[in-house]
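As structure tokens, the structure follows; a few thoughts come after it.
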There are 2 protein chains.
Amino acid sequence: MDREKQLRDFLLKGDKTYMPRVSVDCVIFGFHEDQLKVLLLRWKDGRWCLPGGFVKWDESVDDSAVRTLQERTALNNIYLQQFHTFGAPDRERGKKLKGIPDSKKSWMHDRFVSIGYYALVEFSKVNPIPDWLSDACHWWDLHKVPALIYDHNEMVEKALEKLRLSLNDHPVGYNLLQEKFTMPELQRLYETILDKRLDRRNFQKKMLSLGILERLKERKTGGAHKAPFLYRFDKKKYERAMKQGLKLGF
Amino acid sequence: MDREKQLRDFLLKGDKTYMPRVSVDCVIFGFHEDQLKVLLLRWKDGRWCLPGGFVKWDESVDDSAVRTLQERTALNNIYLQQFHTFGAPDRERGKKLKGIPDSKKSWMHDRFVSIGYYALVEFSKVNPIPDWLSDACHWWDLHKVPALIYDHNEMVEKALEKLRLSLNDHPVGYNLLQEKFTMPELQRLYETILDKRLDRRNFQKKMLSLGILERLKERKTGGAHKAPFLYRFDKKKYERAMKQGLKLGF
DNA sequence: CCAAAAGTGTTGCCTTTACACCCATGT
DNA sequence: ACATGGGTGTAAAGGCAACACTTTTGG
């Protein structure tokens with residue numbers, strides 16, 4: 001079987017291409033139907049995990065994360081943030097390899113340190129693609145994430161925590177929402193990430209005061225009630241705000 | 001020569017003890033005479049670098065940083081914070097090994113990824129100890145740090161940046177000052193880290209409002225002017241503040 | 001015409017900022 | 001005595017939180 005050979009090659013010769021001992025894992029956040037979602041992979045053995053990958057010898061760790069993300073979502077230009085590196089001594093990739101011949105000789109055997117990144121992506125644009133070791137790749141509601149391999153649940157927790165903290169000095173939305181969105185939608189996003197309710201009117205004032213939103217002529221019609229205005233981020237001003245940092249205080 | 005053998009052993013057999021490809025580097029901050037200081041090592045070849053180390057197979061990455069710190073400063077219970085992982089493809093430890101026989105066969109050869117930690121230590125308590133590859137270990141004024149190996153200057157920059165950001169939601173001082181200190185000393189510390197002047201009176205109000213300071217009966221005598229009160233952190237309240245996070249906003 | 005959601009403005013509080021006066025100490 | 005730094009209080013400003021009224025839309 002072809003895949004069998006591919007796997008053997010990867011296990012026995014992968015270290016020609018990839019650095020051993022170091023991996024990258026990505027917590028990919030999406031936002032859909034007022035819920036934060038996380039993209040997960042299912043291994044052939046049924047266990048779920050974060051999309052991850054290895055670092056090529058000639059590639060930076062950041063680039064490795066970009067590549068991993070690109071491979072799972074088919075998206076480019078994704079917002080990506082390194083958030084923590086996980087290095088407990090029992091983090092053994094090798095444990096995944098049970099029952100595979102020669103696995104003891106593999107560069108995958110033994111301990112790995114993993115560098116965690118979180119990504120913010122536009123849910124509707126993602127077409128989840130399993131990797132060649134997995135048979136499924138899809139979105140999970142953040143609050144319903146199943147038990148994951150190793151410390152991946154901890155990674156999700158930590159990523160969320162860091163994302164929350166970042167709201168105190170950086171805007172969010174450009175990466176998670178569609179190009180045009182309404183103020184209530186943006187508010188729903190903030191409320192979901194922070195897991196707390198915000199005052200509608202004060203929220204709008206705060207957001208507009210950042211000067212990074214552009215109100216469009218159109219409104220979002222089709223809803224059951226008064227049609228809300230559509231907004232769009234001014235990309236240049238948004239990026240300037242991301243760089244400089246702000247004082248939001250949520 | 002004994003050291004020669006020790007080096008050869010380390011280069012050729014070090015991977016029995018340490019994980020290849022992964023290292024830890026520490027930006028150790030101290031505060032002395034109104035200046036932020038960084039502890040640096042000088043290699044035998046004259047180049048300066050951050051104190052760093054490798055990760056033992058059975059040790060967590062955090063523990064490895066703790067050990068490194070302990071070895072350089074002879075201190076325990078140090079405040080330590082992982083702040084970033086550096087993984088550019090040209091980060092080669094091997095470049096250090098020029099001229100050493102068999103260095104190509106060493107686990108030190110080829111690329112390393114390094115996990116950066118910053119530490120806050122009480123300057124006066126530190127007795128800097130060079131490691132066995134270095135002939136000097138001492139404090140440098142943060143603004144006078146020389147050119148360091150690899151990307152270590154970048155690490156110092158990033159550590160400082162993260163430390164500054166942390167002031168917005170965490171107190172600082174317990175780790176950098178002596179047990180008893182005056183309000184002006186604490187203010188000087190904040191001003192130095194932030195590199196900006198603060199109003200004396202407003203600073204005091206803000207600090208006291210945190211409820212983590214205890215004013216002592218004594219005053220600091222010997223100065224040229226009015227004797228300022230001495231303060232001390234209430235350790236329990238300080239730690240609670242560190243955990244919960246605050247809203248300082250500097 | 002009613003319920004539910006969205007747009008807008010106002011008020012009061014509380015935090016932050018700016019600033020002034022008095023006190024202690026060494027020269 | 002005076003220059004310098006430290007301790008304390010207060011008034012104005014600005015930001016934030018609480019809140020009310022009107023408008024629009026589908027049912």
Side-chain angles (χ1 to χ4, degrees), chain A residues 33-34 167-171 173 177-178 180-192 194-232 241 244-250, chain B residues 33-35 167-171 173 177-178 180-192 194 196-232 241 244-250:
Chain A
E33 290 177 344
D34 293 349
L167 292 199
N168 285 315
D169 33 32
H170 295 280
L177 299 173
Q178 296 186 283
K180 298 174 182 179
F181 54 89
T182 69
M183 193 59 78
E185 279 166 1
L186 183 60
Q187 182 178 344
R188 232 68 59 63
L189 172 61
Y190 271 81
E191 289 181 333
T192 307
L194 293 166
D195 195 27
K196 73 176 174 192
R197 323 220 98 247
L198 301 170
D199 182 274
R200 192 163 55 88
R201 299 151 278 199
N202 295 334
F203 178 80
Q204 169 147 347
K205 262 177 287 183
K206 190 175 259 184
M207 282 301 134
L208 292 178
S209 76
L210 300 181
I212 57 177
L213 283 174
E214 183 188 352
R215 179 192 277 192
L216 304 179
K217 295 271 186 293
E218 335 160 47
R219 289 165 179 259
K220 170 127 179 172
T221 56
H225 305 289
K226 180 171 181 175
F229 283 105
L230 283 168
Y231 291 84
R232 157 169 74 197
Q244 294 181 350
L246 302 166
K247 221 168 152 179
L248 277 293
F250 279 103
Chain B
E33 290 176 345
D34 294 350
Q35 297 289 342
L167 292 199
N168 285 316
D169 34 30
H170 295 280
L177 299 173
Q178 295 187 283
K180 298 174 182 179
F181 54 89
T182 69
M183 193 59 77
E185 280 166 1
L186 183 60
Q187 182 178 345
R188 234 68 60 64
L189 173 60
Y190 270 82
E191 290 181 334
T192 306
L194 294 165
K196 72 176 174 191
R197 324 220 98 248
L198 301 170
D199 183 275
R200 192 163 57 88
R201 300 149 279 199
N202 295 334
F203 178 80
Q204 169 147 344
K205 262 178 287 182
K206 192 176 256 184
M207 282 300 134
L208 292 178
S209 76
L210 300 181
I212 58 177
L213 282 174
E214 184 188 351
R215 178 191 276 188
L216 305 178
K217 296 272 187 289
E218 334 161 49
R219 288 165 179 258
K220 170 126 180 173
T221 57
H225 305 288
K226 181 172 181 176
F229 283 104
L230 284 167
Y231 291 84
R232 159 168 73 197
Q244 293 182 352
L246 301 166
K247 221 168 153 178
L248 277 294
F250 280 104

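Chain A is the first sequence line, chain B the second, and so forth, proteins listed ahead of strands; every chain is numbered from 1. Side-chain atoms are counted along with the backbone in the values below, which use heavy atoms only and exclude waters and symmetry mates.
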- request: With DNA chain C as reference, determine whether Arg201(B) or Lys247(B) sits nearer its 5' end, using the nearest nucleotide of each.
  value: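 Nearest nucleotide further toward 5': that of Lys247(B).
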
query: Closer to the 5' end of DNA chain C via nearest nucleotide, is it Asp199(A) or Ala227(A)?
result: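 With Asp199(A) and Ala227(A) compared, the 5'-side residue is Ala227(A).
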
Can you tell me how far [atom2] of [N] sits from [atom1] of [X], to the nearest Å?
X         : N       : atom1 : atom2 : value
Leu230(B) : dG7(D)  : CG    : P     : 10 Å
Arg200(B) : dC21(C) : CZ    : P     : 14 Å
Leu246(B) : dT16(C) : CG    : P     : 12 Å
Gln187(B) : dG7(D)  : CD    : P     : 10 Å
Arg219(B) : dG5(D)  : CZ    : C1'   : 13 Å
Phe229(A) : dA6(C)  : CZ    : P     : 13 Å
Leu216(B) : dG6(D)  : CG    : P     : 17 Å
Leu186(A) : dG7(C)  : CG    : P     : 12 Å

- prompt: Quick one: are Glu214(B) and Tyr231(B) in side-chain contact, heavy atoms under 4.5 Å?
  reply: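 No, every pair of side-chain atoms sits at 4.5 Å or beyond.
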
message: How about CD on Gln178(A), more than 12 heavy atoms from neighbouring residues, nucleotides or ligands closer than 6.0 Å, or not?
response: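 Check fails, neighbour count at 12 or below.
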
message: Working note: Met183(A) + Arg215(A), criterion side-chain contact (heavy atoms from CB on, under 4.5 Å); need CA distance, chi angles, decisive distance, verdict.
response: CA-CA 10 Å; Met183(A) 193 59 78; Arg215(A) 179 192 277 192; over 6 Å; no

message: Need one value for Gly223(A): base, sugar-phosphate or nothing, where a base atom within 4.0 Å counts as base even if backbone is also close, heavy atoms only.
response: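 The answer is sugar-phosphate, as Gly223(A) gets under 4.0 Å only of primed atoms, P, OP1 or OP2.
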
N/O donor-acceptor pair under 3.5 Å between Glu185(A) side chain and Thr182(A) backbone: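 Checking the backbone N and O of Thr182(A) against the side chain of Glu185(A), a donor-acceptor pair under 3.5 Å is found.
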
message: For dA6(C) and Arg215(A) - does any side-chain N or O of the residue sit under 4.0 Å from the phosphate oxygens OP1/OP2?
response: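 It does not, given that no N or O in the side chain of Arg215(A) lies less than 4.0 Å from OP1 or OP2 of dA6(C).
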
- prompt: Using a cut-off of less than 4.0 Å, is there contact between a side-chain N or O of Gln204(B) and OP1 or OP2 of dT8(D)?
  reply: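 Gln204(B) to dT8(D) OP1/OP2: side-chain N or O found under 4.0 Å.
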
- prompt: Toward the 5' end of DNA chain D, which comes first, Lys226(A) or Lys226(B), by nearest nucleotide?
  reply: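 Its nearest nucleotide being more 5', the pick is Lys226(B).
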
- prompt: Given that Lys205(B) and Thr182(B) both sit by DNA chain D, which one's nearest nucleotide is further toward the 5' end?
  reply: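 Result of the comparison: Thr182(B).
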
- request: Using the six-membered ring of Phe250(A), assess whether NZ or CZ of Lys206(A) lies under 6.0 Å from its centre and within 45 degrees of the ring axis.
  value: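 Satisfied, under 6.0 Å and within 45°.
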
query: Can you tell which of dT24(D), dA18(D), dT25(C) lies closest to the side chain of Asn202(A)?
result: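 Out of dT24(D), dA18(D), dT25(C), the nucleotide with an atom closest to Asn202(A)'s side chain is dA18(D).
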
query: Considering only heavy atoms and no angle criterion, is a donor-acceptor pair shorter than 3.5 Å present between the side chain of His225(A) and the base of dA4(C)?
result: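 Checked by distance alone, the answer is yes.
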
